[in-house]
There are 2 protein chains.
Amino acid sequence: MDKLINGRRYTETEQGPRFAPCAPHSVLARLGDKWTILVMSHLAVAPGHQLRFSTLKSGIEGITQRMLTLTLRNLERDGLLIRHYFPEVPPRVEYELTEMGAGMLPALEGFTSWIRDNWPRIEDCRRAYDEARR
Amino acid sequence: MDKLINGRRYTETEQGPRFAPCAPHSVLARLGDKWTILVMSHLAVAPGHQLRFSTLKSGIEGITQRMLTLTLRNLERDGLLIRHYFPEVPPRVEYELTEMGAGMLPALEGFTSWIRDNWPRIEDCRRAYDEARR
DNA sequence: CTGGATCCACCTCGATACTG
DNA sequence: CAGTATCGAGGTGGATCCAG
C-alpha cells in the first residue's frame with residue numbers, strides 16, 4: 001500500500017522509498033516557467049478573476065505576445081482558466097480563472113509566503129556560495 | 001506602500017497591479033526542474049534528513065551522476081542542504097537538509113497535497129483539450 | 001485586438017569518458 | 001565512491017513579421 005509523506009505518494013522497497021510518478025513535478029514545472037506565476041497572480045487580484053488579453057499584456061512587464069499566448073494556452077489546457085472569445089470588431093478575449101484555478105490560489109499562497117519569508121536568506125546563501133568559489 | 005495578495009508583494013499603479021521582482025519564480029523554477037523535488041522528497045523521509053550520494057543515486061530511478069551532482073549543488077547554493085565530505089578511502093559524502101530546507105517541507109506539502117487532490121482532474125482537462133484539437 | 005508562423009540563441013539535460 | 005569534462009540533442013523563450 002502507498003503511504004503519504006509531505007504530500008507525496010510513495011511505496012517502501014528494499015532499496016528505500018520509491019516515489020510515485022511525479023505529478024507534482026508536472027505542475028511545478030509549469031508554475032516554474034517564466035511567466036505562469038505572473039499571469040496567475042494578475043488573474044488572482046483581478047475583479048472576477050477575469051482579464052482581457054491586452055490588459056494582461058500591458059500589466060506584465062516584458063512579456064511578448066507570443067509568450068503570453070503560450071502561457072495562457074498551457075493554463076487553459078490544464079483547466080486552470082477559461083478563454084472567452086467575443087467575435088466583435090475588434091475582437092475581444094477575456095481569460096477567467098476556473099473554479100479549480102481559483103482553488104489553487106490558497107495552496108499556492110502558503111508556499112509563496114514561505115518563499116517570501118525566506119527569500120533574503122536564500123539570496124544571502126547564494127551570494128556566500130558564489131563568493132566562496134571565486 | 002506594498003500590499004500582499006496570495007503571498008505576493010505588489011504595488012497599485014494606474015495600469016493595475018505591478019508585482020515585485022519575482023522571488024517565487026526563482027524558487028519555483030528550481031523546484032520545477034527535473035530532479036529537485038525527488039531529491040528533496042528522499043531527504044525529507046530519510047532518518048535525520050540525511051543521505052549519502054550513492055543512496056540518493058540508487059533511490060532515484062533514472063538520474064545520472066551528473067544531474068544528481070548538479071541538483072545537489074543548486075540546493076546547496078540556496079542553503080537548503082549541506083554537504084558533509086569525509087576524506088576516507090573510498091570517500092564518503094552525506095547530504096543533509098538544513099534547518100531552512102526542513103522548514104520548507106510543510107509549506108511545500110500544502111501545495112503538493114493540492115496537486116495530488118486535483119491531479120486527476122488536471123489530467124482529464126489536458127486529455128479533453130488535446131482531444132478537442134485533433 | 002488577438003494571435004499564428006518563423007527563425008534563432010540559449011539553456012537544460014542525457015550519454016559517455018575520465019579522475020582523485 | 002563521488003565526482004568533473006565534454007559533446008550533442010532537444011526544448012524554451014525572444015524577435016520579428018504576417019493575418020483575421
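Each chain gets a letter, A, B and so on, in the order its sequence line appears, and its residues count up from 1.
For the pair B/I63 and A/T69, nearest-nucleotide mapping onto DNA chain C gives the more 5' position to A/T69. Mapping B/R73 and A/W35 onto DNA chain D by nearest heavy atom places B/R73 at the nucleotide closer to the 5' end.
Taking only side-chain nitrogens and oxygens, A/S54 comes nearer than 4.0 Å to OP1 or OP2 of C/dT2. Side-chain nitrogen and oxygen atoms of B/T64 include none within less than 4.0 Å of the OP1 or OP2 phosphate oxygen of C/dT16. The side chain of B/R52 places an N or O atom within less than 4.0 Å of a non-bridging phosphate oxygen (OP1 or OP2) of D/dA2. Residue B/R83 places at least one side-chain N or O closer than 4.0 Å to OP1 or OP2 of D/dG3. Between B/K34 and C/dG14, a side-chain N or O to OP1/OP2 separation shorter than 4.0 Å is present. Note on A/Y85: every side-chain N or O is 4.0 Å or more away from OP1 and OP2 of D/dG20.
As rounded to whole Å, 12 Å separates atom P of D/dG3 from atom CD of B/E94. Between the C1' atom of D/dG3 and the CZ atom of A/R133 lies a distance of 14 Å, rounded to the nearest Å. Distance, B/L51 CG to D/dC1 C1': 16 Å, rounded to whole Å. The distance from atom CE of B/M67 to atom P of D/dA5 is 16 Å, rounded to the nearest whole Å. The separation between B/D33 atom CG and C/dG14 atom C1' is 14 Å, rounded to whole Å. B/K57 places its NZ atom 10 Å from the P atom of C/dA15, with the value rounded to the nearest Å. The interatomic distance linking B/L68 (CG) with C/dC13 (P) rounds to 13 Å, in whole Å. In this structure, B/Q65 atom CD and C/dT16 atom P are separated by 13 Å, rounded to whole Å.
The closest side-chain heavy-atom distance from B/R126 to A/S26 is below 4.5 Å. Inter-residue side-chain proximity for A/Y85 and A/R92 is flagged as unmet; no heavy-atom pair is nearer than 4.5 Å.
Ring geometry, A/F111 versus A/W114: the interplanar angle falls under 30°, so the pair is classed parallel (tilted spans 30 to 60°).
Across all strands, A/Y95 comes closer than 4.0 Å only to sugar-phosphate atoms, never to a base (heavy-atom distances).
B/H25 approaches A/G32 most closely through the heavy-atom pair NE2-O, 3.2 Å.
Below the 3.5 angstrom threshold, one finds no donor paired with an acceptor across the side chain of B/R66 and the base of D/dG3.
The backbone N or O of B/E109 lies less than 3.5 Å from a partner atom in the side chain of B/T112, making a donor-acceptor pair.
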